[in-house]
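A short write-up of the structure that comes next.
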Amino acid sequence: MAAVKAPGVLRRLRERGARVRVIATAAALAFITELSLATAADGEVATDATWFEPRPDAQHLTHARADAVVIVGASADLLARAATGRGDDLASATLLSVRAPVLWVPAMNERMWEHPAVQANAERLRGWGHHFLGPVYGAFGSRGEGTGMGRMAEPEDIAAAALGLLEGESRSREVEESREQAALSTSGLLDPSTAPDLRGVHVVVSAGPTREYLDPVRFISNPSSGKMGFAVAEEARDRGASVTLVTGPVSLPDPPGVRVVRIESALDLRDAVVEAARDAGVVVMTAAVADYRAADRATEKQAKVAGDVTVHLTPNPDILAELGADKGGRVLIGFAMETHAGVERAALKARRKNADFILLNYPTREGTAFGGDDNEVTLVRPDGSSEAWPRLTKREVARRLLDEVLAIRERLPHSPG
Ligand code: CTP
């Protein structure tokens with residue numbers, strides 16, 4: 001089924017200026033025709049049949065020269081073949097030859113995805129630096145009311161993640177180069193920002209929006225990109241923490257070395273965060289949780305009716321407040337977005353939710369908060385004291401946030417892992 005979404009991904013990548021080449025596996029061709037793929041791509045489609053045609057080039061090596069490889073609708077079988085170094089078809093031979101970033105977008109039944117064999121294969125590939133996007137859990141409710149399939153990420157999200165990977169690759173090359181420069185100029189001293197000062201600590205981070213479905217195809221949500229939470233997760237990982245990132249639907253690939261749980265609704269977010277927080281020393285709630293969900297979610301798509309409609313909403317649990325009510329020795333950090341009386345309202349929230357501090361930001365400042373790469377925040381403590389930070393990249397905000405967390409942990413009589 002997921003294969004039929006492939007042309008949508010190809011079209012979006014081309015619209016954004018990428019040149020795309022397609023390899024269709026035998027299984028893909030059972031679901032979609034070569035012609036519909038060729039129409040959406042730049043020219044012909046390579047298959048196992050074309051691989052064995054007499055040609056001057058070795059097709060797997062030609063394809064492996066790509067700047068990125070995306071496997072749309074990855075099956076358990078292809079994952080297994082890649083994880084064991086098989087090269088018995090064009091797709092797996094290409095994956096053996098490629099040195100560029102690889103993004104897997106799995107699509108399979110939830111039970112198959114959760115099987116230890118499949119998880120071990122995915123983990124092995126992650127260990128080699130491969131990226132994953134999805135599958136998306138609980139698409140129409142993992143609480144028994146929906147289909148319960150491990151749904152593939154949407155074409156728009158896949159295209160954005162693939163392009164993000166290319167950007168990330170060129171950025172990390174720049175960082176690598178500047179690190180090398182810095183190492184030279186400081187006679188090989190390590191970058192102090194990556195000292196493993198969170199080693200042995202379990203850090204739980206929530207990120208992105210939640211989706212509250214009104215019926216199977218319509219939901220209430222917000223434009224959170226997840227970038228702030230992903231930056232906190234990556235920074236914590238680089239400082240030696242074991243990290244669980246619970247994220248709503250965003251178009252960012254799983255950061256390597258981080259346990260990622262993808263959810264959709266606030267109820268699923270609560271279950272995943274509460275579960276992960278059991279042995280956590282730090283919980284950072286950057287998720288933009290919808291405050292309400294439909295009181296009665298329709299199981300069938302609702303047709304329009306003449307005139308106005310009324311939607312009955314019911315409040316979602318406040319996850320940060322729930323964690324705060326049974327805080328133990330954990331450090332709890334929240335985020336808040338306010339348009340007025342920011343500091344007073346954030347201090348009140350920190351007190352009400354028993355958070356150690358709240359990072360307050362303003363949706364109205366351009367290039368910051370929703371979707372931007374920068375953030376301009378004010379740290380607000382429960383006692384009302386505050387500190388305005390300058391405009392920083394989200395990664396720099398994450399660094400400062402974790403510095404503050406460490407300072408709080410040092411003052412705690414006993415800090416759990
Ligand atoms: N949060 C949460 N659970 C919710 C809503 C929010 O855990 N149901 C967390 C967010 O992740 C964030 C913090 O609480 O860290 C502040 O969220 P915000 O929406 O600003 O606070 P609310 O209590 O919803 O206040 P408001 O009345 O301003 O919406």
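In listed order, ligands and their atoms are each counted from 1.
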Run through all N or O atoms in ligand 1 and write down each protein N or O closer than 3.5 Å, as a pair with its distance.
residue: ligand 1; atom: 3 (N); partner: Ile319; partner atom: N; Å: 3.0
residue: ligand 1; atom: 7 (O); partner: Ile319; partner atom: N; Å: 3.3
residue: ligand 1; atom: 7 (O); partner: Leu320; partner atom: N; Å: 2.8
residue: ligand 1; atom: 8 (N); partner: Pro317; partner atom: O; Å: 2.9
residue: ligand 1; atom: 11 (O); partner: Ala287; partner atom: O; Å: 2.8
residue: ligand 1; atom: 14 (O); partner: Lys353; partner atom: NZ; Å: 2.9
residue: ligand 1; atom: 15 (O); partner: Met285; partner atom: O; Å: 2.8
residue: ligand 1; atom: 15 (O); partner: Phe335; partner atom: N; Å: 2.9
residue: ligand 1; atom: 15 (O); partner: Phe335; partner atom: O; Å: 3.2
residue: ligand 1; atom: 20 (O); partner: Lys349; partner atom: NZ; Å: 2.6
residue: ligand 1; atom: 21 (O); partner: Lys349; partner atom: NZ; Å: 3.3
residue: ligand 1; atom: 21 (O); partner: Lys353; partner atom: NZ; Å: 3.4
residue: ligand 1; atom: 23 (O); partner: Lys353; partner atom: NZ; Å: 2.8
residue: ligand 1; atom: 24 (O); partner: Asp291; partner atom: OD1; Å: 3.1
residue: ligand 1; atom: 24 (O); partner: Asp291; partner atom: OD2; Å: 3.3
residue: ligand 1; atom: 25 (O); partner: Lys349; partner atom: NZ; Å: 3.3
residue: ligand 1; atom: 28 (O); partner: Arg345; partner atom: NH2; Å: 3.4
residue: ligand 1; atom: 28 (O); partner: Lys349; partner atom: NZ; Å: 3.0
residue: ligand 1; atom: 29 (O); partner: Asp291; partner atom: OD2; Å: 3.2

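- No salt bridge links Arg411 with Asp356; every basic N to acidic carboxylate O contact stays at or beyond 4.0 Å.
- Within the 4.5 Å cutoff, no side-chain heavy atoms of Val377 are placed close to those of Leu379.
- Within 6.0 Å of CG in Asp383 there are more than 12 heavy atoms belonging to other residues, nucleotides or ligands.
- Applying the side-chain hydrogen bond (donor to acceptor under 3.5 Å, both in side chains) criterion to Arg124, with sequence neighbours excluded, gives no partner residue.
- The main-chain N or O of Arg399 is found under 3.5 Å from a side-chain atom of Arg239 such that the two form a donor-acceptor pair.
- Side-chain atoms of Arg259 and Thr244 include a donor-acceptor pair closer than 3.5 Å.
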